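Being a predicted model, the structure only gives us computed values, none of them experimental. Naming: A, B, ... by sequence-line order, numbering from 1 per chain.
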2 protein chains.
Amino acid sequence: MRRETYNEFRRLCQEHSLAATHQRQKIYEALVSRPGHYSPEEIYEQVKQDLPSISLATVYKNLKTFVHAGMLREVSPHHGSWRIDANHHPHHHLVCTRCRSITDLDFDSLGPVKLRGKLPSGFRLEKFTIEVQGICKACTAAETKQH
Amino acid sequence: MRRETYNEFRRLCQEHSLAATHQRQKIYEALVSRPGHYSPEEIYEQVKQDLPSISLATVYKNLKTFVHAGMLREVSPHHGSWRIDANHHPHHHLVCTRCRSITDLDFDSLGPVKLRGKLPSGFRLEKFTIEVQGICKACTAAETKQH
DNA sequence: TATCAGATGATAATCATTATCACAAGATTC
DNA sequence: GAATCTTGTGATAATGATTATCATCTGATA
């Protein structure tokens, strides 16, 4: 691991009161040292090369911990359950990052996406989708009530 | 079911050589007759009120059939596996709708999202994410080779 | 170094989704 | 409308991803 990455890792752990374990270090490295959007399984395979006895459960737990702490992000706020969209009119989605609810947003509520320059060669564009991420009304209300 | 919806359903089934069964009709209705982005489980619960003996597997199979035929769409092309994003710089995603691969796209490749009018009241905006959906280079190549 | 909260590894449990297969229901033909 | 054939359905087992449990171990702090 590069010194720089290592220091950042220590700092982040301290900041979030997390023990800087071997396993966490390798998991963090596996994610940060190469570009990509890996699944827990992929991270597991990668880390196992250095720590053959690591458990898949440890990978899962730490990815959750990291995401929760804000050290990493999940690519999609709605993995885990398959959702069907029957709205045939063009539209966007409001996604609540807390309860994962999805609401339609009228297509015209947002201006068109403008492409500056080119997409990577070979990629055949089908469409742009805009996800408006945030906290929905219900979750905001629930939060306010708590405090 | 409204006559209009019913006719559309029959037409779509004929168009795609699908038997217009009872179950399919109710599933289609459950999706189309009310706004929302339902999970298979939710559809199942809804349809069961009319067809108590329907099986969850039937719901799954028909949702797949409908999506495959283009009668419905899936909300997210990458539900199903949890992916981690370690790229802290703002960026967008290129998503291949065939192989579901995800690639980063430089933030400046796309113009900013412009909000016209207001978001629904109570929604606390965090950020806009643009997904550029299409067919990636590898999948395009594989397709070309086949024909 | 001793202590202890928190982390790990092994594995069982859960949950969503898919596969299998015997039986039933639409579509088509007469 | 009945016969036939194809396709769809329901019950349930199988799979795959994720989470829970718990005994043991390790990093952090004194």
Side-chain angles (χ1 to χ4, degrees), chain A residues 6-7 9-30 37-45 47-69 71-72 74-84 100, chain B residues 6 9-30 37-69 71-72 74-84 100:
Chain A
Y6 179 72
N7 289 340
F9 169 73
R10 302 289 302 199
R11 184 178 58 71
L12 284 167
C13 284
Q14 201 142 50
E15 225 169 71
H16 298 286
S17 319
L18 299 173
T21 66
H22 236 104
Q23 291 87 340
R24 284 186 175 150
Q25 185 181 315
K26 290 295 180 191
I27 292 170
Y28 187 78
E29 185 183 10
H37 302 86
Y38 302 104
S39 66
E41 190 71 37
E42 286 165 336
I43 303 296
Y44 173 61
E45 291 303 334
V47 172
K48 212 158 63 163
Q49 292 177 14
D50 282 334
L51 304 175
S53 74
I54 196 171
S55 159
L56 179 58
T58 301
V59 173
Y60 269 98
K61 272 180 285 196
N62 282 314
L63 290 178
K64 282 200 102 174
T65 304
F66 290 163
V67 167
H68 190 74
M71 294 165 63
L72 302 170
E74 4 186 37
V75 173
S76 165
H78 37 61
H79 74 276
S81 109
W82 193 37
R83 307 286 197 89
I84 299 298
R100 318 215 150 187
Chain B
Y6 179 71
F9 169 73
R10 302 288 305 197
R11 185 179 57 73
L12 283 168
C13 284
Q14 201 142 48
E15 224 169 72
H16 297 287
S17 320
L18 299 174
T21 65
H22 242 103
Q23 291 85 341
R24 284 187 176 150
Q25 185 182 315
K26 290 294 180 191
I27 292 170
Y28 186 79
E29 183 182 12
H37 302 86
Y38 302 103
S39 66
E41 191 72 39
E42 285 165 336
I43 303 295
Y44 173 62
E45 291 303 334
Q46 171 77 18
V47 172
K48 213 158 65 164
Q49 293 177 15
D50 282 335
L51 304 174
S53 73
I54 196 170
S55 159
L56 179 57
T58 300
V59 173
Y60 269 98
K61 273 180 285 197
N62 282 314
L63 290 178
K64 283 201 101 174
T65 303
F66 289 162
V67 168
H68 190 75
M71 294 165 62
L72 302 171
E74 1 185 42
V75 173
S76 165
H78 41 62
H79 73 280
S81 108
W82 195 35
R83 308 284 196 89
I84 298 298
R100 320 217 149 184

Closest approach of B:Q23 and B:L51, non-hydrogen atoms and distance?
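Taking B:Q23 first and B:L51 second, the nearest heavy atoms are CA-CD1, 3.7 Å.
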
Minimum-distance nucleotide to A:S55 side chain [options: D:dA28, D:dG8, C:dG9]
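Within the option list, the nearest is C:dG9.
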
For [X] and [N], what is the distance between atoms [atom1] and [atom2] respectively, to the nearest whole Å?
| X | N | atom1 | atom2 | result |
| --- | --- | --- | --- | --- |
| A:K26 | D:dG27 | NZ | C1' | 17 Å |
| B:I27 | D:dG8 | CD1 | C1' | 11 Å |
| B:R83 | D:dA17 | CZ | P | 12 Å |
| A:Q25 | C:dA7 | CD | P | 16 Å |
| A:H16 | C:dA7 | NE2 | C1' | 17 Å |
| A:K48 | C:dA10 | NZ | C1' | 13 Å |
| A:I54 | C:dT11 | CD1 | P | 16 Å |
| A:Y44 | C:dT8 | OH | P | 14 Å |

Keeping to residues at least two apart or across chains, list the salt bridge (charged side-chain N to carboxylate O under 4.0 Å, His left out) pairs with something in residues 51-60 of chain B.
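Listed by first then second residue: nothing to list.
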
Any side-chain heavy-atom pair from A:Q25 and A:Y6 closer than 4.5 angstrom?
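Side-chain contact under 4.5 Å: yes.
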
N/O donor to acceptor pairs below 3.5 angstrom from side-chain atoms of residues 58-69 of chain A, sequence neighbours left out:
| from | atom 1 | to | atom 2 | distance (Å) |
| --- | --- | --- | --- | --- |
| A:N62 | OD1 | A:R24 | NE | 2.7 |
| A:N62 | OD1 | A:R24 | NH2 | 3.4 |
| A:N62 | ND2 | A:T58 | O | 3.1 |
| A:T65 | OG1 | A:K61 | O | 2.8 |

For B:R11, give me all partners under salt bridge (Lys or Arg N to Asp or Glu O under 4.0 Å), at least two apart in sequence or on another chain.
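Checked B:R11 against salt bridge (Lys or Arg N to Asp or Glu O under 4.0 Å); matches are B:E15.
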
So, using salt bridge (Lys or Arg N to Asp or Glu O under 4.0 Å) as the criterion, who are the partners of A:R100 when residues are at least two apart?
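If we apply the salt bridge (Lys or Arg N to Asp or Glu O under 4.0 Å) test to A:R100, skipping adjacent residues, the hits are A:E74.
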
When you match B:L51 and A:Q14 each to their closest nucleotide on DNA chain D, which lands nearer the 5' end?
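Comparing both residues, the 5'-ward one is B:L51.
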
Please compare A:L18 and B:L18 by the position of their nearest nucleotide in DNA chain C and report the one closer to 5'.
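Its nearest nucleotide lies further toward 5', so the answer is A:L18.
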
Using a cut-off of 4.0 Å between protein heavy atoms and nucleotide atoms, how would you tag nucleotides 16-25 of chain C 5' to 3' with B, S and -?
SSBBB-----

Taking only residues two or more places apart in sequence, or in another chain, which ones meet A:F9 in a ring pair (Phe, Tyr, Trp, His ring centres under 6.0 Å)?
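Listed in chain order: A:Y28.
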
Kindly calculate the angle separating the two end axes of the helix from C:dT1-D:dA30 to C:dC30-D:dG1, each obtained from five base pairs, and round it to 10 degrees.
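Axis angle across the helix from C:dT1-D:dA30 to C:dC30-D:dG1, nearest 10°: 40°.
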
Output side-chain donor-acceptor pairs under 3.5 Å for residues 40-47 of chain B, partner residues at least two apart or in another chain, one line each.
| from | atom 1 | to | atom 2 | distance (Å) |
| --- | --- | --- | --- | --- |
| B:E42 | OE1 | B:S39 | N | 2.8 |
| B:E42 | OE1 | B:S39 | OG | 3.4 |
| B:Q46 | OE1 | B:R34 | NH1 | 3.2 |

Residues two or more places apart in sequence or in another chain: which of them pass side-chain hydrogen bond (donor to acceptor under 3.5 Å, both in side chains) with B:T21?
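side-chain hydrogen bond (donor to acceptor under 3.5 Å, both in side chains) list for B:T21, sorted by chain: empty.
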
